[in-house]
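Below: the structure, in structure tokens.
Sequence lines set the chain letters: A, B, ... in the order given, protein chains first and strands last, and positions in each chain run from 1. Bear in mind that the values here come from a model prediction, so they are computed numbers and not experimental data. Below, each value reflects all heavy atoms present in this structure, side chains not excepted, and no hydrogens, waters or symmetry copies.
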There are 2 protein chains.
Amino acid sequence: MSKQPTVSDIARLAHVSPSTVSRVLTGSSRVHPAKSAAVRAAIEQLNFRPNLTARALSLGKSMVIGILTQSMMSQFYGELAQGIEEGLAGSGYQGVFASGHWESLDEQAALDILLARQVDGLIVLGGYHPDIDLRAINKQIPLIAVGRHIEGLEEHCIRVENASGSFQAVRHLIDLGHRRIAHISGIPSHLDACERQRGYTEALTSAGLAVDERLIVEGNFTEQSGLLALETLLARGSHFTAIFAANDQMAYGIRLGLYRRGLRVPDDISLVGFDDLLGSVYTTPPLTTVRQSMLEQGRQAACGLLRLLANEPPALPSITTELVIRETTARVRG
Amino acid sequence: MSKQPTVSDIARLAHVSPSTVSRVLTGSSRVHPAKSAAVRAAIEQLNFRPNLTARALSLGKSMVIGILTQSMMSQFYGELAQGIEEGLAGSGYQGVFASGHWESLDEQAALDILLARQVDGLIVLGGYHPDIDLRAINKQIPLIAVGRHIEGLEEHCIRVENASGSFQAVRHLIDLGHRRIAHISGIPSHLDACERQRGYTEALTSAGLAVDERLIVEGNFTEQSGLLALETLLARGSHFTAIFAANDQMAYGIRLGLYRRGLRVPDDISLVGFDDLLGSVYTTPPLTTVRQSMLEQGRQAACGLLRLLANEPPALPSITTELVIRETTARVRG
DNA sequence: TTGTACGCGTTATCAA
DNA sequence: TTGATAACGCGTACAA
């Protein structure tokens with residue numbers, strides 16, 4: 001249990017001063033090759049690791065990016081996290097995750113910890129945290145949001161072309177002959193949810209179909225809520241031949257509900273999701289869905305943040321969406 | 001962009017010394033109520049947050065737990081991570097994740113970062129890192145492993161009753177009348193994989209059934225490998241009516257392969273997985289699998305580490321397994 | 001090119 | 001009960 005060696009230990013062993021050791025560590029200035037070699041040897045010998053905590057304190061930069069997420073467990077946030085990691089790779093910055101569990105208090109606590117740890121930047125994944133607070137934080141450290149909107153900070157939010165994706169999805173169903181298409185929507189306070197519903201509505205009206213409010217049920221993006229929404233929908237007794245869910249997770253729940261009812265997909269009911277989570281290829285049958293690469297969004301968020309840290313504009317691109325047709329959709333039975 | 005306030009700022013505003021501020025912050029010793037109130041007021045007024053980096057340097061304790069994981073994206077690690085977070089909650093310790101992506105180099109780099117950040121403890125999730133290194137690290141800081149075995153550090157590894165779970169699963173298939181049961185195994189260097197295969201073998205032999213090597217195919221725990229293994233199995237042409245996969249992810253891949261071949265589950269082939277990932281309820285039909293709560297393992301790992309940090313023995317319990325029967329298994333067709 | 005001295009923000013020790 | 005001082009490990013002016 002001997003203590004970790006410090007620069008001083010290395011300096012002593014290499015017969016140089018601590019500052020010289022620091023110089024070879026950071027490469028901040030030229031040092032004599034011989035001394036440099038001696039230092040390297042000493043570092044090797046003592047298996048020395050610079051203490052990043054001390055370095056952070058000295059530099060006033062922690063080189064860590066805080067990521068405020070909601071759940072470590074969902075596929076959705078997992079893919080996002082993976083993308084962020086990829087985007088940060090090689091930048092010298094490390095990502096640190098803290099989760100809010102979709103609870104205001106936890107989210108506040110997680111954010112506090114991140115800020116107290118002196119993160120150099122912040123990526124906010126969804127969540128309920130008030131816009132005003134986030135705007136205030138953005139004055140202190142650069143901030144990027146994905147999966148949510150922040151009033152007045154639009155340039156710092158990854159934008160997804162939700163409406164066009166929804167439109168394509170519903171259009172696809174219409175092309176297959178479906179006329180009674182239900183929609184399980186997301187949380188209405190969520191911009192993405194609104195836009196997806198808008199795409200649904202527009203596709204219907206542009207095809208001359210009426211929007212039937214009885215075919216629209218609200219969910220909250222979880223599998224559970226999808227299943228529940230399906231029950232509600234069936235209980236209403238309105239006829240329909242296809243369902244467009246505002247995200248894949250709800251589509252999974254709906255799929256289970258249909259299975260339990262003995263309704264076949266796509267023979268009896270066609271089903272479309274949104275997100276194209278990795279798991280959507282492995283459902284049975286594989287899910288037709290709208291791709292909005294979460295990996296790509298994570299990467300873009302990370303890169304945008306790195307640009308902000310370099311005092312450049314975030315220059316976040318708009319994320320395009322693309323309908324991926326798999327086996328949960330079929331021509332409506334005559 | 002004004003700088004963050006420090007204890008000195010608070011001290012000045014409250015007309016006390018920095019030490020006193022520190023005292024009310026940590027509660028390390030009594031302070032006059034009036035002064036204490038003044039300090040609190042100043043903290044509130046300036047919205048002060050103690051700099052955890054500085055505190056860590058001063059204390060020699062970072063209050064962070066490093067978690068060396070392999071992928072942020074898979075459901076498997078997601079659930080584990082969630083459990084760890086829950087186990088750490090309220091302890092004052094924060095978890096920091098770094099992923100190795102199943103690559104030696106990345107894993108080494110991730111570990112280096114964690115150690116350089118002066119983590120107070122380490123949780124290793126799976127991975128290839130050599131036992132000898134981990135034993136060395138354990139001499140410096142407490143360490144717990146989950147999803148892997150470390151020679152000589154058995155007390156620090158979460159043990160799962162793999163064999164008994166496998167046994168139950170295969171026994172269940174036998175009870176349903178299956179006689180030709182295939183097994184898609186995991187990486188043979190992985191202890192869990194071996195034990196699960198052992199349970200499979202024992203269930204067969206204890207029922208007086210022969211173990212047919214032609215019905216055993218090796219996978220690597222990914223969905224992809226499950227699909228591939230199924231192809232191999234089918235190509236061999238041996239007859240079978242059920243498949244026991246060494247984990248759920250491979251079962252998903254197998255399920256897709258069967259679907260593509262037009263083989264119905266469970267009508268033509270029964271399928272059993274291992275893990276009971278959250279997604280396994282939402283496959284169609286829901287997957288019969290062996291539960292080894294990942295959440296529980298994460299929690300136990302965290303609690304064990306906290307005990308180590310308190311200089312107590314880790315006292316890690318053995319994780320029990322339980323067969324969860326869902327709709328992917330059925331009586332063999334006469 | 002190298003070494004000395006100081007600062008980063010906090011806590012612990014000690015003396016008052 | 002309080003305040004001054006030193007220390008944590010590192011980077012960097014500044015002087016040599």
> Nearest to the side chain of A:Lys35, which nucleotide is it out of D:dC10, C:dT2, D:dT1?
Replying inline: C:dT2
> Would you say C:dG3 has OP1 or OP2 under 4.0 Å from some side-chain N or O of A:Thr20?
Replying inline: yes
> Is A:Leu59 touching bases, backbone alone, or none of the nucleic acid, heavy atoms closer than 4.0 Å?
Replying inline: sugar-phosphate
>> On the side chain of A:Arg23, is there an atom forming a donor-acceptor pair with the base of C:dG3 - under 3.5 Å, no angle test?
In response: yes
>> Suppose we call a contact any N or O donor and acceptor under 3.5 Å apart; does that hold for the side chain of B:Ser8 and the base of C:dG9?
In response: no
> Is the distance from OP1 or OP2 of C:dG3 to the nearest side-chain N or O of A:Ser17 less than 4.0 Å?
Replying inline: yes
> Are any of the side-chain heavy atoms of B:Leu316 and B:Glu155 separated by less than 4.5 Å?
Replying inline: no
> Do the side-chain N and O atoms of A:Ser99 and B:Glu85 include a donor-acceptor pair separated by under 3.5 angstrom?
Replying inline: yes
>> Does C:dT11 have OP1 or OP2 under 4.0 Å away from a side-chain N or O of B:Ser22?
In response: yes
> Under 4.0 Å: is that the gap between some side-chain N or O of A:Lys61 and OP1 or OP2 of D:dC10?
Replying inline: no
> Looking at the side chain of A:Val31, which of D:dC10, C:dT2, C:dT10 is the nearest nucleotide?
Replying inline: C:dT2
> Base, sugar-phosphate, or nothing for A:Thr26, non-hydrogen atoms under 4.0 angstrom?
Replying inline: sugar-phosphate
> Roughly, in whole Å, what's the span from CG in B:Leu52 to C1' in C:dC8?
Replying inline: 15 Å
> Between B:Asp131 and B:Arg148, does at least one N-O distance fall below 4.0 Å, as a salt bridge requires?
Replying inline: yes
> Out of C:dT10, C:dC8, C:dT2, which has the shortest distance to the side chain of A:Ser29?
Replying inline: C:dT2
> Side-chain donor-acceptor pair under 3.5 Å between A:Asp275 and A:Gln292, yes or no?
Replying inline: yes
> Taking atom P of C:dG3 as reference, at what distance in whole Å does atom NE2 of A:His32 sit?
Replying inline: 12 Å
> Under 4.0 angstrom, heavy atoms only, what part of the nucleic acid is A:Ser19 near: base, sugar-phosphate, or nothing?
Replying inline: base
> Under the criterion side-chain contact (heavy atoms from CB on, under 4.5 Å), which of B:Ile158, B:Leu125, B:Ile84 is the partner of B:Gln297?
Replying inline: B:Ile158
>> If you assign each of B:Ala54 and B:Arg30 to its closest nucleotide in DNA chain D, which residue comes earlier from the 5' end?
In response: B:Arg30
>> Please pick, from C:dT1, C:dG9, D:dC10, the nucleotide with the shortest atom-to-atom distance to any side-chain atom of B:Thr6.
In response: C:dG9
> What does B:Pro50 touch in the nucleic acid at a heavy-atom separation under 4.0 angstrom: a base, only the sugar-phosphate, or nothing?
Replying inline: sugar-phosphate
